Amino acid sequence: MQNKTTTDPAAAPSAASSAAPSASTSGVPDGFQKVDDAAPEMQSGEALLVEAYAFIWVVLFGLVLLTWLRQRGLDVRMNELEASIARARNPRPPAKEAAAKRATPDPADGDDGAEKAD
Amino acid sequence: LKGPERETTVHLLAMSKAMPAPKRTFGDTAFPIVLLLAAASILYTMHFVAYRVPIEATMGIVQKIFYFHVPAGYAMYVGATACFVGSCGFLWKGTPGWDALARGGADVAVAMGLILLASGALWAAKSWGVYWTWDPRLTTSLLIVLVYVAYVVLRSFAGSGDAERKFAAALGILGATLIPIIHFSVRLWGGTHPQVVTGKGGGLTHGDMKLGLLYGFVAFTLLSIALIWARARLAIASSRVDEVEQEAVDLGILQD
(Lines give C-alpha, C1' and ligand atoms only; values in the text may rest on other atoms or scores of the structure.)
Protein backbone atom coordinates (compact mmCIF):
# COMPACT_ATOMS: atom_id res chain seq x y z
CA MET A 1 0.00 0.00 0.00
CA GLN A 2 1.21 3.50 -0.79
CA ASN A 3 0.66 6.44 1.50
CA LYS A 4 -0.36 9.62 -0.26
CA THR A 5 0.38 11.77 2.80
CA THR A 6 4.12 11.23 2.52
CA THR A 7 4.54 13.22 -0.71
CA ASP A 8 5.58 16.37 1.16
CA PRO A 9 9.15 15.85 2.40
CA ALA A 10 8.63 18.19 5.33
CA ALA A 11 5.62 16.27 6.48
CA ALA A 12 7.13 12.90 5.81
CA PRO A 13 8.57 12.17 9.25
CA SER A 14 5.32 12.90 11.09
CA ALA A 15 3.24 11.07 8.52
CA ALA A 16 5.59 8.15 8.47
CA SER A 17 5.54 7.96 12.22
CA SER A 18 1.75 7.88 12.23
CA ALA A 19 1.47 5.37 9.41
CA ALA A 20 4.28 2.98 10.11
CA PRO A 21 3.75 0.15 12.55
CA SER A 22 5.23 0.81 15.94
CA ALA A 23 8.60 -0.88 16.22
CA SER A 24 10.18 -2.33 19.28
CA THR A 25 13.80 -1.62 20.20
CA SER A 26 14.92 -4.60 18.13
CA GLY A 27 13.36 -3.04 15.01
CA VAL A 28 10.76 -5.78 14.60
CA PRO A 29 7.18 -4.45 14.21
CA ASP A 30 4.99 -5.34 17.16
CA GLY A 31 1.69 -3.85 15.97
CA PHE A 32 -0.31 -2.57 12.96
CA GLN A 33 -1.84 0.82 12.27
CA LYS A 34 -4.21 1.69 9.45
CA VAL A 35 -3.28 4.10 6.69
CA ASP A 36 -5.95 6.58 5.63
CA ASP A 37 -6.48 7.48 1.96
CA ALA A 38 -4.43 4.62 0.71
CA ALA A 39 -4.19 4.47 -3.05
CA PRO A 40 -5.85 1.42 -4.55
CA GLU A 41 -3.43 -1.23 -5.63
CA MET A 42 -3.04 -1.35 -9.36
CA GLN A 43 -4.12 -4.72 -10.66
CA SER A 44 -3.44 -6.20 -14.02
CA GLY A 45 -6.59 -6.16 -16.16
CA GLU A 46 -5.39 -9.21 -18.07
CA ALA A 47 -4.95 -11.22 -14.88
CA LEU A 48 -8.38 -10.20 -13.59
CA LEU A 49 -9.98 -11.11 -16.92
CA VAL A 50 -8.34 -14.53 -16.92
CA GLU A 51 -9.39 -15.10 -13.29
CA ALA A 52 -12.98 -14.16 -14.10
CA TYR A 53 -13.17 -16.48 -17.12
CA ALA A 54 -11.47 -19.29 -15.20
CA PHE A 55 -14.01 -18.93 -12.41
CA ILE A 56 -16.90 -19.05 -14.91
CA TRP A 57 -15.55 -22.24 -16.45
CA VAL A 58 -14.87 -23.87 -13.08
CA VAL A 59 -18.44 -23.22 -11.92
CA LEU A 60 -20.00 -24.41 -15.18
CA PHE A 61 -17.83 -27.50 -15.50
CA GLY A 62 -18.33 -28.28 -11.83
CA LEU A 63 -22.10 -28.11 -12.19
CA VAL A 64 -22.12 -30.24 -15.34
CA LEU A 65 -19.72 -32.79 -13.81
CA LEU A 66 -21.70 -33.05 -10.58
CA THR A 67 -24.91 -33.47 -12.57
CA TRP A 68 -23.39 -36.20 -14.73
CA LEU A 69 -21.90 -38.09 -11.76
CA ARG A 70 -25.14 -37.93 -9.79
CA GLN A 71 -27.20 -39.00 -12.82
CA ARG A 72 -24.88 -41.96 -13.39
CA GLY A 73 -25.14 -42.95 -9.73
CA LEU A 74 -28.92 -42.75 -9.88
CA ASP A 75 -29.04 -44.84 -13.07
CA VAL A 76 -26.93 -47.56 -11.46
CA ARG A 77 -29.07 -47.53 -8.32
CA MET A 78 -32.28 -47.65 -10.36
CA ASN A 79 -31.04 -50.63 -12.41
CA GLU A 80 -30.07 -52.51 -9.24
CA LEU A 81 -33.41 -51.83 -7.60
CA GLU A 82 -35.43 -52.77 -10.68
CA ALA A 83 -33.48 -56.00 -11.10
CA SER A 84 -34.03 -56.86 -7.43
CA ILE A 85 -37.74 -56.14 -7.68
CA ALA A 86 -38.03 -58.19 -10.87
CA ARG A 87 -36.23 -61.11 -9.20
CA ALA A 88 -38.52 -60.86 -6.19
CA ARG A 89 -41.62 -60.88 -8.40
CA ASN A 90 -40.44 -63.59 -10.81
CA PRO A 91 -38.29 -65.92 -8.74
CA ARG A 92 -35.95 -67.84 -11.03
CA PRO A 93 -36.04 -71.63 -10.67
CA PRO A 94 -32.67 -72.83 -9.39
CA ALA A 95 -30.56 -74.22 -12.24
CA LYS A 96 -29.64 -77.35 -10.35
CA GLU A 97 -33.26 -78.34 -9.80
CA ALA A 98 -34.10 -77.71 -13.44
CA ALA A 99 -31.13 -79.78 -14.57
CA ALA A 100 -32.10 -82.55 -12.17
CA LYS A 101 -35.63 -82.61 -13.58
CA ARG A 102 -34.32 -83.07 -17.12
CA ALA A 103 -31.83 -85.71 -16.07
CA THR A 104 -34.54 -87.81 -14.45
CA PRO A 105 -34.99 -91.00 -16.58
CA ASP A 106 -38.29 -91.91 -15.04
CA PRO A 107 -40.70 -89.19 -13.96
CA ALA A 108 -42.08 -91.54 -11.34
CA ASP A 109 -38.62 -91.92 -9.78
CA GLY A 110 -37.64 -88.25 -9.25
CA ASP A 111 -35.36 -88.77 -6.26
CA ASP A 112 -32.99 -91.12 -8.05
CA GLY A 113 -32.74 -88.81 -11.00
CA ALA A 114 -31.83 -85.91 -8.78
CA GLU A 115 -29.07 -87.90 -7.16
CA LYS A 116 -27.64 -88.78 -10.57
CA ALA A 117 -27.65 -85.20 -11.64
CA ASP A 118 -25.84 -84.11 -8.48
CA LEU B 1 -31.33 -74.02 -26.34
CA LYS B 2 -31.21 -76.78 -23.79
CA GLY B 3 -30.67 -77.11 -20.09
CA PRO B 4 -29.91 -74.17 -17.80
CA GLU B 5 -29.39 -71.77 -20.73
CA ARG B 6 -32.99 -72.25 -21.78
CA GLU B 7 -34.17 -71.61 -18.23
CA THR B 8 -32.11 -68.46 -18.08
CA THR B 9 -33.50 -67.25 -21.39
CA VAL B 10 -37.05 -67.90 -20.32
CA HIS B 11 -36.40 -66.07 -17.08
CA LEU B 12 -34.87 -63.07 -18.87
CA LEU B 13 -37.83 -62.94 -21.25
CA ALA B 14 -40.18 -62.93 -18.29
CA MET B 15 -38.16 -60.09 -16.75
CA SER B 16 -38.21 -58.09 -19.95
CA LYS B 17 -41.99 -58.46 -20.10
CA ALA B 18 -42.22 -57.29 -16.50
CA MET B 19 -40.00 -54.26 -17.30
CA PRO B 20 -40.91 -52.89 -20.72
CA ALA B 21 -38.19 -50.78 -22.34
CA PRO B 22 -38.84 -47.07 -21.69
CA LYS B 23 -40.07 -45.14 -24.71
CA ARG B 24 -37.78 -42.47 -26.10
CA THR B 25 -39.51 -39.18 -25.48
CA PHE B 26 -39.20 -35.81 -27.20
CA GLY B 27 -37.12 -34.62 -24.26
CA ASP B 28 -34.60 -37.43 -24.68
CA THR B 29 -33.93 -36.24 -28.22
CA ALA B 30 -34.15 -32.50 -27.65
CA PHE B 31 -32.03 -32.34 -24.50
CA PRO B 32 -28.66 -33.28 -26.10
CA ILE B 33 -29.38 -30.85 -28.95
CA VAL B 34 -29.96 -27.97 -26.52
CA LEU B 35 -26.83 -28.97 -24.61
CA LEU B 36 -24.73 -28.99 -27.79
CA LEU B 37 -26.17 -25.67 -28.96
CA ALA B 38 -25.38 -24.14 -25.56
CA ALA B 39 -21.78 -25.39 -25.64
CA ALA B 40 -21.28 -24.23 -29.22
CA SER B 41 -22.74 -20.79 -28.56
CA ILE B 42 -20.58 -20.31 -25.45
CA LEU B 43 -17.45 -21.20 -27.41
CA TYR B 44 -18.41 -18.91 -30.28
CA THR B 45 -19.15 -16.04 -27.89
CA MET B 46 -15.77 -16.49 -26.22
CA HIS B 47 -14.06 -16.44 -29.59
CA PHE B 48 -16.01 -13.36 -30.71
CA VAL B 49 -15.34 -11.45 -27.49
CA ALA B 50 -11.66 -12.33 -27.54
CA TYR B 51 -10.90 -11.56 -31.19
CA ARG B 52 -13.61 -9.29 -32.59
CA VAL B 53 -14.88 -7.09 -29.80
CA PRO B 54 -12.63 -4.02 -29.40
CA ILE B 55 -10.91 -3.11 -26.15
CA GLU B 56 -12.71 -0.39 -24.22
CA ALA B 57 -10.88 2.95 -24.08
CA THR B 58 -11.16 3.79 -20.38
CA MET B 59 -11.09 0.47 -18.56
CA GLY B 60 -9.02 -1.55 -20.97
CA ILE B 61 -9.23 -5.28 -21.49
CA VAL B 62 -10.88 -6.00 -18.13
CA GLN B 63 -14.11 -4.55 -19.55
CA LYS B 64 -14.48 -7.79 -21.54
CA ILE B 65 -15.76 -9.40 -18.34
CA PHE B 66 -18.92 -7.45 -19.13
CA TYR B 67 -19.93 -9.83 -21.97
CA PHE B 68 -20.32 -12.69 -19.51
CA HIS B 69 -21.08 -10.76 -16.34
CA VAL B 70 -24.34 -9.22 -17.58
CA PRO B 71 -25.65 -12.42 -19.27
CA ALA B 72 -24.83 -14.32 -16.06
CA GLY B 73 -27.05 -11.89 -14.15
CA TYR B 74 -29.79 -12.41 -16.70
CA ALA B 75 -29.36 -16.21 -16.47
CA MET B 76 -29.71 -15.92 -12.70
CA TYR B 77 -33.08 -14.25 -13.33
CA VAL B 78 -34.00 -17.13 -15.66
CA GLY B 79 -33.13 -19.68 -12.97
CA ALA B 80 -35.01 -17.72 -10.32
CA THR B 81 -38.05 -17.45 -12.61
CA ALA B 82 -37.98 -21.21 -13.26
CA CYS B 83 -37.78 -21.79 -9.52
CA PHE B 84 -40.72 -19.42 -8.98
CA VAL B 85 -42.86 -21.11 -11.66
CA GLY B 86 -41.95 -24.58 -10.38
CA SER B 87 -42.67 -23.61 -6.79
CA CYS B 88 -46.07 -22.11 -7.67
CA GLY B 89 -46.89 -25.19 -9.77
CA PHE B 90 -45.88 -27.52 -6.96
CA LEU B 91 -47.96 -25.66 -4.39
CA TRP B 92 -50.91 -25.73 -6.80
CA LYS B 93 -50.65 -29.25 -8.26
CA GLY B 94 -48.26 -31.02 -5.92
CA THR B 95 -46.65 -33.08 -8.68
CA PRO B 96 -42.93 -34.04 -8.77
CA GLY B 97 -42.42 -32.44 -12.20
CA TRP B 98 -43.08 -28.92 -10.86
CA ASP B 99 -40.90 -29.61 -7.87
CA ALA B 100 -38.08 -30.77 -10.17
CA LEU B 101 -38.39 -27.56 -12.21
CA ALA B 102 -38.10 -25.51 -9.02
CA ARG B 103 -35.01 -27.44 -7.91
CA GLY B 104 -33.37 -27.07 -11.32
CA GLY B 105 -34.10 -23.35 -11.37
CA ALA B 106 -32.65 -22.83 -7.89
CA ASP B 107 -29.46 -24.72 -8.77
CA VAL B 108 -28.95 -22.58 -11.86
CA ALA B 109 -29.76 -19.38 -9.95
CA VAL B 110 -27.02 -20.23 -7.44
CA ALA B 111 -24.44 -21.11 -10.11
CA MET B 112 -25.16 -18.01 -12.20
CA GLY B 113 -25.34 -15.84 -9.09
CA LEU B 114 -21.87 -16.99 -8.06
CA ILE B 115 -20.55 -16.22 -11.54
CA LEU B 116 -22.22 -12.80 -11.40
CA LEU B 117 -20.78 -11.90 -8.01
CA ALA B 118 -17.28 -13.24 -8.67
CA SER B 119 -16.89 -11.71 -12.13
CA GLY B 120 -18.31 -8.42 -10.85
CA ALA B 121 -15.88 -8.38 -7.93
CA LEU B 122 -12.90 -8.99 -10.22
CA TRP B 123 -14.02 -6.23 -12.58
CA ALA B 124 -14.63 -3.88 -9.66
CA ALA B 125 -11.11 -4.52 -8.37
CA LYS B 126 -9.83 -2.81 -11.48
CA SER B 127 -12.45 -0.15 -12.13
CA TRP B 128 -13.43 0.81 -8.56
CA GLY B 129 -10.26 -0.19 -6.72
CA VAL B 130 -12.14 -2.50 -4.37
CA TYR B 131 -13.56 -6.00 -4.78
CA TRP B 132 -16.74 -5.22 -2.94
CA THR B 133 -18.80 -2.27 -1.82
CA TRP B 134 -22.23 -2.24 -0.19
CA ASP B 135 -23.86 -0.75 -3.25
CA PRO B 136 -27.65 -1.37 -3.48
CA ARG B 137 -27.40 -3.58 -6.55
CA LEU B 138 -24.50 -5.61 -5.19
CA THR B 139 -26.17 -6.04 -1.84
CA THR B 140 -29.52 -7.12 -3.26
CA SER B 141 -27.75 -9.50 -5.69
CA LEU B 142 -25.89 -11.08 -2.77
CA LEU B 143 -29.17 -11.38 -0.90
CA ILE B 144 -30.92 -13.24 -3.73
CA VAL B 145 -27.97 -15.62 -4.14
CA LEU B 146 -28.10 -16.35 -0.41
CA VAL B 147 -31.84 -17.07 -0.64
CA TYR B 148 -31.24 -19.67 -3.37
CA VAL B 149 -28.24 -21.11 -1.52
CA ALA B 150 -30.62 -21.58 1.41
CA TYR B 151 -33.10 -23.29 -0.93
CA VAL B 152 -30.45 -25.67 -2.31
CA VAL B 153 -29.11 -26.48 1.17
CA LEU B 154 -32.64 -27.09 2.42
CA ARG B 155 -33.42 -29.48 -0.42
CA SER B 156 -30.11 -31.27 -0.07
CA PHE B 157 -30.15 -31.89 3.66
CA ALA B 158 -33.72 -31.60 4.94
CA GLY B 159 -35.08 -34.67 3.18
CA SER B 160 -37.77 -34.89 0.52
CA GLY B 161 -40.89 -34.96 2.63
CA ASP B 162 -44.02 -33.06 1.65
CA ALA B 163 -43.55 -30.43 4.37
CA GLU B 164 -39.95 -29.76 3.31
CA ARG B 165 -40.98 -29.44 -0.31
CA LYS B 166 -43.73 -26.96 0.53
CA PHE B 167 -41.40 -24.92 2.71
CA ALA B 168 -38.81 -24.86 -0.07
CA ALA B 169 -41.50 -23.82 -2.55
CA ALA B 170 -42.39 -20.87 -0.33
CA LEU B 171 -38.69 -19.94 -0.23
CA GLY B 172 -38.53 -20.17 -4.03
CA ILE B 173 -41.42 -17.74 -4.34
CA LEU B 174 -39.85 -15.38 -1.81
CA GLY B 175 -36.56 -15.39 -3.73
CA ALA B 176 -38.28 -14.42 -6.97
CA THR B 177 -39.88 -11.41 -5.34
CA LEU B 178 -36.39 -9.96 -4.95
CA ILE B 179 -35.81 -9.91 -8.73
CA PRO B 180 -37.63 -6.62 -9.41
CA ILE B 181 -35.98 -5.07 -6.36
CA ILE B 182 -32.54 -5.94 -7.74
CA HIS B 183 -33.42 -4.84 -11.21
CA PHE B 184 -34.66 -1.42 -10.21
CA SER B 185 -32.33 -0.91 -7.25
CA VAL B 186 -29.98 1.36 -9.21
CA ARG B 187 -32.85 3.58 -10.30
CA LEU B 188 -34.42 3.58 -6.86
CA TRP B 189 -31.38 4.11 -4.65
CA GLY B 190 -28.56 5.17 -6.96
CA GLY B 191 -25.16 3.75 -6.03
CA THR B 192 -21.93 3.00 -7.81
CA HIS B 193 -23.14 0.31 -10.19
CA PRO B 194 -23.55 1.63 -13.74
CA GLN B 195 -26.59 1.25 -16.00
CA VAL B 196 -24.88 0.40 -19.24
CA VAL B 197 -27.54 -1.74 -20.84
CA THR B 198 -30.73 -0.11 -19.59
CA GLY B 199 -29.39 3.41 -19.00
CA LYS B 200 -29.27 6.22 -21.52
CA GLY B 201 -25.53 6.80 -21.17
CA GLY B 202 -24.76 3.85 -23.38
CA GLY B 203 -21.35 2.26 -23.07
CA LEU B 204 -21.83 0.07 -26.13
CA THR B 205 -20.99 2.46 -28.90
CA HIS B 206 -19.29 -0.02 -31.20
CA GLY B 207 -21.35 -2.48 -33.22
CA ASP B 208 -19.19 -5.45 -32.26
CA MET B 209 -19.64 -4.59 -28.57
CA LYS B 210 -23.41 -4.82 -29.04
CA LEU B 211 -23.04 -8.08 -30.98
CA GLY B 212 -20.77 -9.52 -28.29
CA LEU B 213 -23.37 -8.78 -25.64
CA LEU B 214 -26.13 -10.22 -27.84
CA TYR B 215 -24.18 -13.45 -28.34
CA GLY B 216 -23.56 -13.56 -24.59
CA PHE B 217 -27.30 -13.33 -23.94
CA VAL B 218 -28.07 -16.06 -26.48
CA ALA B 219 -25.34 -18.34 -25.09
CA PHE B 220 -26.41 -17.90 -21.49
CA THR B 221 -30.09 -18.33 -22.36
CA LEU B 222 -29.33 -21.69 -23.99
CA LEU B 223 -26.96 -22.61 -21.19
CA SER B 224 -29.45 -21.80 -18.45
CA ILE B 225 -32.19 -23.77 -20.26
CA ALA B 226 -29.88 -26.77 -20.69
CA LEU B 227 -28.73 -26.64 -17.08
CA ILE B 228 -32.24 -26.22 -15.66
CA TRP B 229 -33.35 -29.14 -17.82
CA ALA B 230 -30.42 -31.31 -16.70
CA ARG B 231 -30.95 -30.53 -13.02
CA ALA B 232 -34.71 -31.07 -13.33
CA ARG B 233 -34.14 -34.46 -14.98
CA LEU B 234 -31.83 -35.30 -12.13
CA ALA B 235 -34.45 -34.30 -9.57
CA ILE B 236 -37.09 -36.41 -11.36
CA ALA B 237 -34.71 -39.40 -11.48
CA SER B 238 -33.95 -38.94 -7.79
CA SER B 239 -37.64 -38.81 -6.97
CA ARG B 240 -38.21 -41.97 -9.05
CA VAL B 241 -35.41 -43.79 -7.23
CA ASP B 242 -37.04 -42.84 -3.91
CA GLU B 243 -40.33 -44.35 -5.16
CA VAL B 244 -38.67 -47.58 -6.32
CA GLU B 245 -36.78 -47.83 -3.03
CA GLN B 246 -40.08 -47.56 -1.19
CA GLU B 247 -41.46 -50.29 -3.45
CA ALA B 248 -38.45 -52.46 -2.60
CA VAL B 249 -39.01 -51.82 1.09
CA ASP B 250 -42.66 -52.88 0.71
CA LEU B 251 -41.54 -56.09 -1.00
CA GLY B 252 -39.10 -56.79 1.82
CA ILE B 253 -36.02 -56.48 -0.41
CA LEU B 254 -34.71 -53.40 1.38
CA GLN B 255 -34.91 -52.40 5.00
CA ASP B 256 -36.48 -49.02 5.75
Side-chain angles (χ1 to χ4, degrees), chain A residues 1-2 37-103 117, chain B residues 2-8 10-12 14-19 35 39 42 46 50 55 59-65 68-69 72 107-108 110-112 114-115 118-123 125-130 223 226-227 230-231 233-234 237-238 240-241 244-245 247-248 251-254:
Chain A
M1 290 280 183
Q2 294 174 346
D37 299 329
E41 289 184 19
M42 291 303 290
Q43 304 220 34
S44 157
E46 289 85 353
L48 290 167
L49 182 68
V50 170
E51 283 170 20
Y53 275 60
F55 185 83
I56 291 170
W57 281 108
V58 165
V59 169
L60 293 180
F61 270 117
L63 188 63
V64 170
L65 186 69
L66 282 176
T67 306
W68 181 69
L69 287 174
R70 177 103 176 101
Q71 184 75 55
R72 204 176 61 164
L74 285 173
D75 288 345
V76 169
R77 178 74 178 141
M78 180 65 101
N79 288 339
E80 285 173 0
L81 284 169
E82 283 183 341
S84 301
I85 288 172
R87 271 198 301 274
R89 288 190 173 150
N90 302 299
R92 181 186 170 186
K96 279 187 177 178
E97 286 178 20
K101 271 186 184 176
R102 277 191 302 279
Chain B
K2 291 180 181 178
E5 290 84 7
R6 185 174 180 280
E7 293 296 329
T8 308
V10 169
H11 177 69
L12 285 174
M15 276 180 67
S16 66
K17 280 178 186 170
M19 292 187 297
L35 206 58
I42 284 276
M46 286 188 75
I55 293 173
M59 282 182 278
I61 199 166
V62 79
Q63 184 267 345
K64 290 196 176 189
I65 290 177
F68 286 88
H69 171 76
D107 290 340
V108 170
V110 169
M112 295 301 170
L114 289 177
I115 290 174
S119 59
L122 290 165
W123 187 5
K126 181 74 178 173
S127 56
W128 295 344
V130 287
L223 186 67
L227 288 174
R231 299 301 292 182
R233 280 164 68 102
L234 191 68
S238 179
R240 176 79 187 121
V241 165
V244 176
E245 273 181 346
E247 202 178 331
L251 285 168
I253 301 167
L254 283 181

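This one's a predicted model, so the numbers in the text were calculated from it and none came from an experiment. Residue numbers start from 1 in every chain, and the chains themselves are labelled A, B, ... in the order their sequence lines are given, proteins ahead of strands.
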Starting at [atom1] of [X], measure out to [atom2] of [Y] and round the result to the nearest 0.5 Å.
| X | Y | atom1 | atom2 | value |
| --- | --- | --- | --- | --- |
| A:L48 | B:K64 | CG | NZ | 15.0 Å |
| B:R240 | A:L81 | CZ | CG | 10.0 Å |
| A:S84 | B:E247 | OG | CD | 11.5 Å |

Count the heavy-atom pairs under 4.5 Å between each of B:V62, B:L114, B:L122, B:V244 and chain A, then report the option with the highest count.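 So the answer, after comparing B:V62, B:L114, B:L122, B:V244, is B:L122.
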Most chain A-contacting option - heavy-atom pairs closer than 4.5 Å, from B:A72, B:G60, B:A118: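 Highest number of pairs under 4.5 Å: B:A118.
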Please flag which part of B:L227 lies under 4.5 Å from any non-hydrogen atom of chain A: side chain, backbone, both or neither.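 The answer is the side chain of B:L227.
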Under 4.5 Å from a heavy atom of chain A, the part of B:I65 involved: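 Contact with chain A involves both backbone and side-chain atoms of B:I65.
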Please name the pair of heavy atoms, one in A:V59 and one in B:A111, separated by the smallest distance, quoted to 0.1 Å.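 Looking at all heavy atoms of both residues, the shortest contact is CG1-O, 3.8 Å.
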To check you understand the geometry: which heavy-atom pair defines the closest contact between B:V241 and A:M78, and what is its length?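 Between these two residues, the closest heavy atoms are N-CE, 3.9 Å.
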With sequence neighbours excluded, what pairs up with A:F55 under the ring pair (Phe, Tyr, Trp, His ring centres under 6.0 Å) test?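 Scan of A:F55 (ring pair (Phe, Tyr, Trp, His ring centres under 6.0 Å), adjacent residues dropped) gives none.
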Please assess A:V64 against B:L35 for the test side chain to side chain contact (heavy atoms under 4.5 Å, CB included), listing each intermediate value before the final yes or no. CA-CA 10 Å; A:V64 170; B:L35 206 58; 5.9 Å; no
Heavy-atom contact with chain B under 4.5 Å, split by part of A:R70: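 When you check distances to chain B, atoms from both the backbone and side chain of A:R70 fall under 4.5 Å.
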Among residues two or more places apart or on two chains, list those pairs meeting side-chain hydrogen bond (donor to acceptor under 3.5 Å, both in side chains) that have a residue in residues 54-69 of chain A.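 For residues 54-69 of chain A, and leaving out neighbouring residues, the side-chain hydrogen bond (donor to acceptor under 3.5 Å, both in side chains) pairs sorted by first residue read A:T67-B:R231.
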